[in-house]
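See structure below.
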Amino acid sequence: MNRTTPTDSPVVERLLDDRTHYIEFNSDPGLTGPAFPTDRLLPSAKHLSNHAKHAVVALAGLGAPAETIEAYYRDYTTLTPYGYPLEPARASRGAVTEENWQHWIGARSHYADYCEFFDRRERELGLDALLRTYLPALLPGWVGAFTHATIHLGWALDAGNRWMTIEGLAYLAFSSVSCHPERATPAADLGDEHPVDSLLRIAGEWERDRDGLRKWAETLIADTSPGATAGIHPELAGLQYRIARVLGEGHPLIDRTPPWAEEDPGAVWDRLYYAVTLLYLAMPGDFIALHLITSLHAMEQIAGRLPADRQREAVRSYWRGILCVLFSRAEFPDRTELAALHARYADSFDDGTDPAHAEEWKETVARAIGQIEEHNPKLVYVLRRVWHRTGHHTIYRAAAGHFTPTPEALKSA
């Protein structure tokens, strides 16, 4: 499959190397957007992640012309689809050192200092050693910033861009919210051989006790007492707060690690892609479910740079994290619908030589490249890759055409 990379596109490399803007926006109350009135936004719209470089990687991967990519970047960095401008980069104060670098993990401060620190350490250690040294302490917090720090890092590794990788590591440290891997307990008795088995089992539990589980989640999220919110950064609100609350509390359905998560990670990634794409088809176009796909791509890239035991940790952390995201909705996809979709797609594969499928992908890619909402080209980029590598599994082609609309998703988040 042809794809543009920073190596063969000077424009893409230059954009990914850009240091003009801060990693988040709408974090400064003095900066407001003219196109999207603030009274239409929930608190979850605070501290939005800068997605500009994610879009560059996705558009390049879909084969968009360099001028199209540059135009998108220019438009996004002038005024985002959310109606807010990006914020200017902040200067490092040199506060982060080898001795204290873990002190501010998750404190939502010192982002520029972390960039400077990891930049310096990469020059000393090299990229592979840098990742092996610092990622173990950062991966448990991968869901922070609603997975966007992980996406920034993983998509940087996919693109092969050094500076974006440094940014991703710094953002992971800045935004970390732990999924508490220490609470995980192996559960060989579950008998789950595939992530879909786990999804169907958990969906069945929600079906049997939907009122009780919904009340548990809603009561948990509504409890804002000092004891309940201890350890949650006070600036988190909306979706990010709900996820942090569930991450902090845990649940037996989340804490028990299914057997498949202990297997060779190389065999697990494609099973996870199938499972999360099944979820997405159960909630087509859902803004939150879409992130389970794009962050999985990121986590796979990150884990691929780590030893096998750390890769298993990445798989386990990913699974715990996405369950917390789903539980934070106080809802879970319907088991009957998931089972029906699974029956439909489990053994369905396209003929890779069928011109109708090639034409459908061509049309989907063209639609994605023309989208102002950058989550859509990211979705198509990932699903087309997985479609190719899995022998043209139909589910990925079917899911790729379900785009998400930003304003509605943002308001519902």
Side-chain angles (χ1 to χ4, degrees), residues 6 12-28 30-31 46-57 73 76-77 80 85-178 233 235-236 298-299 301-302 305-306 310:
V12 172
E13 185 173 15
R14 171 169 52 79
L15 296 177
L16 298 184
D17 284 340
D18 184 19
R19 305 188 186 192
T20 306
H21 304 100
Y22 192 52
I23 198 65
E24 291 190 339
F25 60 98
N26 198 26
S27 62
D28 183 342
L31 295 174
K46 295 288 289 181
H47 302 292
L48 297 169
S49 299
N50 178 353
H51 294 57
K53 294 184 180 183
H54 312 168
V56 169
V57 178
Y73 193 83
Y76 187 102
T77 55
T80 70
L86 293 184
E87 296 178 20
R90 303 178 187 181
S92 170
R93 295 169 290 174
V96 177
T97 67
E98 182 63 25
E99 291 70 33
N100 68 16
W101 79 275
Q102 295 195 53
H103 178 72
W104 291 291
I105 291 178
R108 299 191 55 80
S109 65
H110 296 83
Y111 169 73
D113 298 335
Y114 273 116
C115 283
E116 181 185 66
F117 171 70
F118 288 127
D119 185 20
R120 180 175 69 253
R121 293 295 285 152
E122 192 279 334
R123 296 180 191 280
E124 297 167 351
L125 300 173
L127 184 59
D128 287 341
L130 180 80
L131 295 171
R132 290 195 301 267
T133 300
Y134 296 102
L135 273 175
L138 297 175
L139 271 182
W142 79 272
V143 190
F146 185 35
T147 77
H148 287 110
T150 300
I151 291 171
H152 202 92
L153 174 58
W155 287 60
L157 292 171
D158 180 20
N161 183 266
R162 177 188 179 277
W163 178 250
M164 186 178 171
T165 299
I166 298 300
E167 290 178 330
L169 277 171
Y171 199 17
L172 266 179
F174 173 91
S175 64
S176 175
V177 181
S178 180
H233 197 283
E235 292 181 4
L236 296 185
M299 190 66 92
Q301 308 309 307
I302 293 167
R305 310 300 286 265
L306 298 173
R310 297 298 188 188

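Throughout, residue positions are numbered sequentially from 1 according to the sequence presented.
The backbone N or O of Gly94 sits less than 3.5 Å from a side-chain atom of Ser92, completing a donor-acceptor pair. Judged by distance alone, the side chain of His233 and the main-chain N or O of Ala107 form a donor-acceptor pair under 3.5 Å. Side-chain atoms of Asp113 do not come within 3.5 Å of backbone N or O of Val96 as any donor-acceptor pair. Looking at Asn50, its side chain does come within 3.5 Å of a backbone N or O of Tyr22 through a donor-acceptor pair.
Relative orientation of the Phe174 and Tyr171 rings is tilted, given thresholds of 30° and 60° on the angle between their planes.
A 4.5 Å side-chain heavy-atom check between Val143 and Val177 finds every atom pair outside the cut-off. With a 4.5 Å cut-off on side-chain heavy atoms, Leu153 and Met164 do not count as touching.
Of all the heavy atoms in Ala95 and His110, the pair that sits closest is CB-CD2, 3.5 Å. Minimum heavy-atom separation, Ala159 to Val57: CB-CG2, 3.9 Å. Residues Tyr76 and Ser49 approach most closely at OH-O, 3.8 Å, considering heavy atoms. The shortest non-hydrogen separation linking Trp101 to Ala137 is CH2-CB, 3.8 Å. The two residues Gly141 and Leu172 come nearest to each other via the heavy atoms O-CD2, 4.5 Å. The minimum heavy-atom distance linking Ile151 with Ala298 is given by the pair CA-CB, 3.6 Å.
Looking at Glu167 and Lys53, a side-chain N of the basic residue comes within less than 4.0 Å of a carboxylate O on the acidic one, giving a salt bridge. Between Arg108 and Glu24 a salt bridge is recorded (basic side-chain N to carboxylate O distance below 4.0 Å).
Every residue meeting the ring-ring contact (aromatic ring centres under 6.0 Å, His included) condition with His152, not counting sequence neighbours, appears here in chain and number order: His54. Annotation: side chain to side chain donor-acceptor pair (under 3.5 Å) contacts of Glu98 (sequence neighbours excluded): Arg121, Tyr134. Here Arg14 pairs with Glu70 under the salt bridge (Lys or Arg N to Asp or Glu O under 4.0 Å) rule; sequence neighbours left out. Residues forming a side chain to side chain donor-acceptor pair (under 3.5 Å) with Thr97 (at least two apart in sequence, or on another chain): Glu99, Asn100. Take Asp18 and apply the side chain to side chain donor-acceptor pair (under 3.5 Å) test, not counting sequence neighbours, and it matches Thr20, Tyr73. Residues forming a side chain to side chain donor-acceptor pair (under 3.5 Å) with Arg123 (at least two apart in sequence, or on another chain): Asp119.
To the nearest 0.5 Å, the span separating CZ on Phe118 from CD1 on Ile166 amounts to 8.0 Å. Note that CZ of Arg120 is 11.0 Å distant from CG of Leu130, once rounded to the nearest 0.5 Å. In this structure, the separation between CG on Asn161 and CG on Asp17 is 4.5 Å, given to the nearest 0.5 Å. With rounding to the nearest 0.5 Å, the separation of CD1 in Ile23 from SG in Cys115 is 7.0 Å. The line from CG of Leu169 to CG of Leu138 is 6.5 Å long, rounded to the nearest 0.5 Å. Separation of atoms CH2 (Trp142) and CD1 (Ile302) is listed at 9.5 Å; rounding is to 0.5 Å.
His21 and Glu87 share no side-chain donor-acceptor pair at under 3.5 Å.
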Verdict with supporting geometry, Arg162 and Leu127, side-chain contact (heavy atoms from CB on, under 4.5 Å) = CA-CA 8 Å; Arg162 177 188 179 277; Leu127 184 59; 5.8 Å; no
What do the steps show when you test Asn26 against His47 for side-chain contact (heavy atoms from CB on, under 4.5 Å), and what is the final call?
-> CA-CA 5 Å; Asn26 198 26; His47 302 292; over 6 Å; no
